[in-house]
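Here the structure comes first, spelled out in structure tokens, and everything after it is commentary.
Residue indices begin at 1 and follow the sequence shown.
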Amino acid sequence: QVQVVESGGGSVQAGGSLRLSCVVSGLAYCMNWIRQAPGKEREAVARIYSSGAATYYLESVKGRFTISQDNAKNTVYLQMNSLKAEDTAMYYCAAEPLARTCARGILASTYWGQGTQVTVSS
């Protein structure tokens, strides 16, 4: 069983920064960040593999968000810079333990955290 716990959300003005953290207990082949704004569908924001070999970013966050990991701490981070009002959402961290299940896609992740709210005011 993999457990996922996010933290680091909050309120910030446009142009500001936040860093989200996600602690994972158990093995994860890939780690993902997903967000959902009120009344909108979930969006896959970023992915990183346990090897650190590859990442994925939602087009609208490229150049502003960076996903990274500290394997010694079983922690994945999402550094969010130059935040915009449209980044306001509940952000979820999700883990997938196997390569074959990672291939199903970010939104099909098996283990999800409870979410952390990010609010960006313009």
Side-chain angles (χ1 to χ4, degrees):
Q1 185 76 11
V2 178
Q3 293 185 329
V4 180
V5 179
E6 310 98 330
S7 62
S11 297
V12 65
Q13 290 190 332
S17 298
L18 283 173
R19 188 177 79 159
L20 306 183
S21 299
C22 173
V23 179
V24 182
S25 64
L27 296 177
Y29 186 79
C30 62
M31 294 296 303
N32 310 295
W33 286 99
I34 300 104
R35 69 185 183 187
Q36 187 167 25
K40 295 188 177 181
E41 294 185 351
R42 288 177 175 174
E43 292 184 302
V45 176
R47 161 175 280 184
I48 190 168
Y49 293 90
S50 57
S51 65
T55 57
Y56 160 84
Y57 291 102
L58 179 67
E59 188 64 33
S60 62
V61 309
K62 285 182 179 178
R64 299 188 298 121
F65 291 11
T66 302
I67 188 170
S68 63
Q69 60 188 0
D70 184 336
N71 288 334
K73 296 181 179 179
N74 292 334
T75 302
V76 174
Y77 303 99
L78 186 67
Q79 178 68 44
M80 305 185 296
N81 299 328
S82 302
L83 283 161
K84 305 176 181 180
E86 51 264 43
D87 294 318
T88 295
M90 184 70 79
Y91 282 72
Y92 298 91
C93 180
E96 199 60 52
L98 303 174
R100 60 178 177 84
T101 52
C102 284
R104 296 182 309 199
I106 292 174
L107 298 182
S109 296
T110 303
Y111 300 100
W112 292 63
Q114 80 287 352
T116 185
Q117 178 67 38
V118 171
T119 302
V120 184
S121 57
S122 57

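Shown here are the salt bridge (Lys or Arg N to Asp or Glu O under 4.0 Å) partners of Arg104, two or more places apart in sequence or in another chain: Glu96.
The shortest heavy-atom contact between Trp33 and Cys22 is CZ2-CB, 3.6 Å. The minimum heavy-atom distance between Ala46 and Leu78, with the atom names listed, is CB-CD1, 4.2 Å.
No donor-acceptor pair closer than 3.5 Å links the side chain of Gln117 to the backbone N or O of Gly9. No donor-acceptor pair under 3.5 Å is formed between the side chain of Gln79 and the backbone N or O of Arg19. Formation of a donor-acceptor pair under 3.5 Å by the Arg35 side chain with backbone atoms of Val118 is not found in this model. A donor-acceptor distance shorter than 3.5 angstrom exists from the side chain of Arg64 to the backbone of Ser82, with no hydrogens or angles considered. With hydrogens and angles disregarded, a donor-acceptor distance shorter than 3.5 Å links the side chain of Glu6 to the backbone of Gln114.
Residues Val5 and Val2 fall into different hydrophobic clusters, defined by Ile, Leu, Val, Met, Phe, Trp and Tyr side chains chained together at heavy-atom separations under 4.5 Å. A chain of hydrophobic side-chain contacts below 4.5 Å, direct or via other Ile, Leu, Val, Met, Phe, Trp or Tyr residues, connects Tyr57 to Leu107. No continuous path of ILVMFWY side-chain contacts below 4.5 Å connects Ile34 to Tyr49, so the two sit in separate hydrophobic clusters. Both Tyr56 and Val4 are assigned to one and the same hydrophobic cluster, defined by single-linkage of ILVMFWY side chains at heavy-atom distances under 4.5 Å. Grouping the Ile, Leu, Val, Met, Phe, Trp and Tyr side chains by contacts below 4.5 angstrom, directly or via other members, places Leu18 with Met90.
Using a 4.5 Å heavy-atom threshold, the side chains of Val61 and Val45 count as touching. Here the side chains of Thr101 and Tyr29 are not in contact, with every heavy-atom distance at 4.5 Å or above. Gln1 is listed as a side-chain neighbour of Tyr111, based on a closest heavy-atom distance under 4.5 Å. The side-chain heavy atoms of Met80 and Leu20, taken from C-beta on, include a pair separated by under 4.5 Å.
The distance from atom OG of Ser60 to atom CD of Glu43, rounded to the nearest 0.5 Å, is 5.5 Å. Atoms CE and CD1, on Met31 and Ile67 in that order, are 7.5 Å from each other to the nearest 0.5 Å. With rounding to the nearest 0.5 Å, the separation of CG in Leu98 from OG1 in Thr110 is 8.0 Å. Of the inter-residue distances, the one linking Tyr77 atom OH with Ile48 atom CD1 reads 11.5 Å to the nearest 0.5 angstrom.
Between Tyr91 and Phe65, the angle of the ring planes lies from 30° to 60°, which puts this pair in the tilted group.
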